[in-house]
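A short worksheet on the structure shown next.
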Amino acid sequence: MTHGRPPHADIPDTGLMLLARDGDTCAFEALYGRYHRKVLDFFYGLGRDAHQAEDLCQETFLRIWRLRARYTDSGAFPGYLFGFARHIWQERCRSLGRTRRLGARIDIDDAADWTPCPATRTPREEAHLAEAREHIFAVLDTLPEEQRVAFLLRTVQGLPLDTIAEVLECPVNTVRSRKLLATRKLREALRGLFAL
Amino acid sequence: VNKEQGRSRAAADEHGDIMNCEQVRHLIPEYAEGDTPPALRDAVSGHLDTCYLCREELDQALALRRLCQTVLSHPAPVNRFEQLELEMNLGHPRRLPGRVDWQAWAGRAALAACLLLIAHVCQPIIEGNTGLMELARHQLTSPGTLDRQALRNIRVPAFSRDIVVGTARIQLALEETLLDNQRPHVE
């Protein structure tokens with residue numbers, strides 16, 4: 001019985017994208033539902049700005065829709081998606097004349113609109129997470145863009161190494177070493193602070 | 001990084017399941033992500049079953065991974081597909097904040113260039129007309145003393161000379177008619 005289930009729930013990503021290529025907006029909505037959080041997290045990890053992450057996420061999906069006619073079923077969809085996301089991030093950096101992360105933080109007033117913490121976390125845990133966030137972003141700021149992207153896509157998003165290699169347009173071993181360098185720097189920086 | 005891991009892998013290949021702590025710790029970040037090849041994974045797992053310190057190292061790597069996943073997640077993810085769908089149907093290019101809209105700027109630059117060109121062309125015509133008006137005024141105050149040389153010296157663009165000269169002739173003809181009417185008739 002499939003009653004009550006979304007009509008595209010059983011279709012794989014590439015099948016949905018092929019349907020979207022033919023103009024099926026429902027299929028594209030299903031893809032959006034599957035991946036928009038991952039894309040949001042990716043941009044948030046790169047730029048630390050929640051509003052900007054939303055803008056860039058919408059821009060990514062909008063561009064994929066506009067260029068859908070070019071899609072060919074030649075690889076994993078996440079690689080295709082994050083390839084667009086990375087290009088949009090690079091365009092954004094270039095447009096602002098900066099090669100590093102943008103560094104815009106959420107204002108206190110804006111932050112009040114968010115409800116980031118589930119009710120299960122205590123204030124002490126929230127304070128600990130806020131401190132960790134500051135330190136992790138500070139370390140990420142020091143990393144080259146390739147290492148940061150490799151780290152975010154592998155460690156945070158959990159994408160396979162070969163998919164990340166497609167996104168970064170480099171060999172799998174290069175992705176592996178970039179991600180390991182980023183992980184080591186993070187561990188060294190956080191070791192004393194969080195007993196890692 | 002690759003050299004260190006290469007040495008660890010070579011050691012694993014040589015010694016089978018027997019690896020020392022240093023070799024295993026080089027592989028732990030990769031092991032924590034699940035990126036270790038199957039043959040090495042078994043060797044590392046075998047070591048971790050017996051070594052408390054290396055297992056602690058693995059726990060720390062996993063804790064760091066969980067912490068990063070928590071901390072680097074968007075604070076308030078919201079599904080905005082309806083808004084996206086509007087833009088998909090509108091078909092207008094979306095402008096990101098901070099992005100330079102080169103097409104719009106090119107349009108503005110072209111408009112400015114057109115205005116400058118028009119001003120450049122019109123300025124001599126305006127000046128020429130001003131000269132003509134001065135001549136006409138002089139003609140009004142001193143009838144019969146039209147300075148035809150000055151009229152020829154008025155600088156106007158070649159393509160508009162005919163228009164200006166024609167206008168001047170009409171003006172002069174009108175003024176002469178006016179002067180004729182003002183002169184007393186002698187019988």
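Letters A, B, ... mirror the listed sequences (proteins, then strands); counts begin at 1. Below, each value reflects all heavy atoms present in this structure, side chains not excepted, and no hydrogens, waters or symmetry copies. Remember, predicted model here, so these are calculated numbers, not experimental data.
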State whether the number of non-hydrogen atoms from other residues, nucleotides or ligands found under 6.0 Å of A:R68 atom CZ is greater than 12. yes
Whether A:F137 and A:Y44 hold their rings parallel, tilted or perpendicular, with breakpoints at 30° and 60°: perpendicular
A:Y80 vs A:F77 aromatic rings, parallel, tilted or perpendicular, using cut-offs 30° and 60°? tilted
Strictly less than 4.5 Å between heavy atoms, which residues of residues 160-170 of chain A line up against chain B? Please order them by number. A:L161
Atom pairs and distances, donor-acceptor, side-chain atoms in residues 11-21 of chain A, under 3.5 Å, two or more places apart:
{"from": "A:D13", "atom 1": "OD1", "to": "A:R34", "atom 2": "NH1", "distance (Å)": "2.6"}
{"from": "A:D13", "atom 1": "OD2", "to": "A:Y35", "atom 2": "OH", "distance (Å)": "2.3"}
{"from": "A:R21", "atom 1": "NH1", "to": "A:Y71", "atom 2": "O", "distance (Å)": "2.9"}

Measure A:K179 against the heavy atoms of chain B and call it side chain, backbone, both or neither at under 4.5 Å. side chain
Check whether A:F151 gets within reach of chain B through its side chain, its backbone, both or neither, counting any heavy atom under 4.5 Å. side chain
Salt bridge check: are B:D49 and B:R55 linked by an N-O gap of less than 4.0 Å? no
Within this structure, what is the OG1-CG distance for the pair A:T183 and A:L143, rounded to the nearest 0.5 Å? 9.5 Å
Which region of B:E57, side chain (C-beta onward) or backbone (N, CA, C, O), has a non-hydrogen atom less than 4.5 Å from a non-hydrogen atom of chain A, or is it both or neither? both
Would A:L46 and A:V39 show up in the same hydrophobic cluster when neighbours are defined by side-chain heavy atoms closer than 4.5 Å? yes
Taking A:L129, A:L152, A:L40 one by one, which has the highest count of heavy-atom pairs under 4.5 Å against chain B? A:L40
Test: A:R92 cationic atom under 6.0 Å from A:W89 six-membered ring centre, within 45° of axis: no
